[in-house]
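Residue indices begin at 1 and follow the sequence shown. Scope of the values below: all heavy atoms of this structure, side chains included, with no hydrogens, waters or symmetry mates.
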Amino acid sequence: MLKRARAGVIFASSLVAAIGLATPASAATPSTGDASVQAAAAGIRNAGPSCTSLSNGTFCVGLIDNGRTVNLVYGKTGGGKVTVKFGYKMGNTSRFSEGFTVSKGQTKVYAFKNQNLGCNNVIGILSVADQGRFETPPLHNTNC
């Protein structure tokens, strides 16, 4: 039990590091959550993370790069392969990525760069094929 709890703390810490610091090289290409992604530390954290615990992992949203980038991270800890789309909503507006396959043990990072977020709340969305849509608690853009 202690090993499992320790692994959960390490995994959660890795997600926080990825959401707050690591930014993928391209908004169209997700990166795995390995040490190289977390060490990249390319962005400046502004708000978050705001996370949702799922039965097979954790999903987080953070705002980086002076509040202009919505950074989304999904760490999958169990279950089979799934196809996901990363997204966010702000008011009545939603935006989604193309689909990506995620397997147990993988962490995917996706960034929507150069967004005009204003002083609005942002909610991260993880749309999982054949399973539904999962959302984070709202995150306020503190850089306005």
Side-chain angles (χ1 to χ4, degrees), residues 5-144:
R6 187 176 302 143
V9 169
I10 292 168
F11 178 73
S13 298
S14 297
L15 277 180
V16 169
I19 194 68
L21 299 175
T23 306
S26 166
T29 305
S31 302
T32 57
D34 62 8
S36 64
V37 171
Q38 295 168 16
I44 300 169
R45 189 170 114 196
N46 291 107
S50 176
C51 300
T52 295
S53 181
L54 307 170
S55 62
N56 287 318
T58 303
F59 175 58
C60 300
V61 63
L63 303 178
I64 60 173
D65 296 331
N66 296 319
R68 293 187 318 256
T69 298
V70 178
N71 209 31
L72 301 154
V73 179
Y74 174 46
K76 186 162 176 54
T77 57
K81 282 187 203 178
V82 293
T83 300
V84 303
K85 290 183 180 180
F86 292 95
Y88 75 92
K89 70 178 177 180
M90 185 177 67
N92 293 328
T93 303
S94 295
R95 194 156 176 222
F96 287 92
S97 70
E98 67 273 16
F100 300 103
T101 300
V102 185
S103 300
K104 177 182 174 182
Q106 287 186 315
T107 299
K108 296 286 186 184
V109 179
Y110 189 89
F112 289 96
K113 297 182 179 184
N114 299 315
Q115 302 300 295
N116 183 13
L117 302 174
C119 292
N120 297 298
N121 286 332
V122 174
I123 296 172
I125 302 170
L126 185 70
S127 180
V128 183
D130 300 323
Q131 294 182 29
R133 207 164 118 156
F134 304 92
E135 298 182 350
T136 65
L139 181 62
H140 184 69
N141 186 5
T142 57
N143 195 51
C144 59

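If you take SG on Cys51 and OH on Tyr74, they are separated by 13.0 Å, rounding to the nearest 0.5 Å.
Residue Thr77 comes nearest to Gly57 through the heavy atom pair OG1-N, 3.4 Å, listed as atom of the first residue, atom of the second, then distance. Closest non-hydrogen pair, Gly75 versus Thr107, comes out as CA-OG1, 3.8 Å. Between Gly79 and Asn56, the shortest heavy-atom distance links the atoms N-OD1, 3.7 Å. Scanning all heavy atoms of the two residues, the minimum distance from Leu139 to Gly62 falls at CD2-CA, 3.8 Å.
By the 4.5 Å heavy-atom criterion applied to side chains, Leu63 and Val70 are counted as neighbours. The shortest side-chain heavy-atom distance between Leu126 and Leu54 falls under the 4.5 Å cut-off. Residues Lys76 and Val82 form a side-chain contact, since some pair of their non-hydrogen atoms from C-beta on lies under 4.5 Å apart.
Listed by chain and number, the residues in a side-chain contact (heavy atoms from CB on, under 4.5 Å) with Lys85 are Phe96, Ser97, Ser127 (sequence neighbours excluded).
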Between side-chain atoms of residues 115-122 and protein atoms elsewhere (two or more places apart, or another chain), which donor-acceptor pairs fall under 3.5 Å?
unit_1 : atom_1 : unit_2 : atom_2 : d
Gln115 : OE1    : Tyr88  : OH     : 2.5
Gln115 : OE1    : Arg95  : NH1    : 2.8
Gln115 : NE2    : Lys113 : O      : 2.6
Asn120 : ND2    : Leu117 : O      : 2.8
Asn121 : OD1    : His140 : ND1    : 3.3

Donor-acceptor pairs under 3.5 angstrom involving side-chain atoms of residues 130-137: please list them, not counting sequence neighbours.
unit_1 : atom_1 : unit_2 : atom_2 : d
Arg133 : NH2    : Glu135 : OE2    : 3.4
Glu135 : OE2    : Lys89  : NZ     : 3.1
Thr136 : OG1    : Gly124 : N      : 2.9

Step by step, work out the side-chain contact (heavy atoms from CB on, under 4.5 Å) result for Val61 and Ile123. CA-CA 7 Å; Val61 63; Ile123 296 172; over 6 Å; no

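Between Phe100 and Phe86, the ring-plane angle classifies as tilted under the 30° and 60° cut-offs.
Sorted by first and then second residue, the salt bridge (charged side-chain N to carboxylate O under 4.0 Å, His left out) pairs involving residues 119-128 (not counting sequence neighbours) form an empty list.
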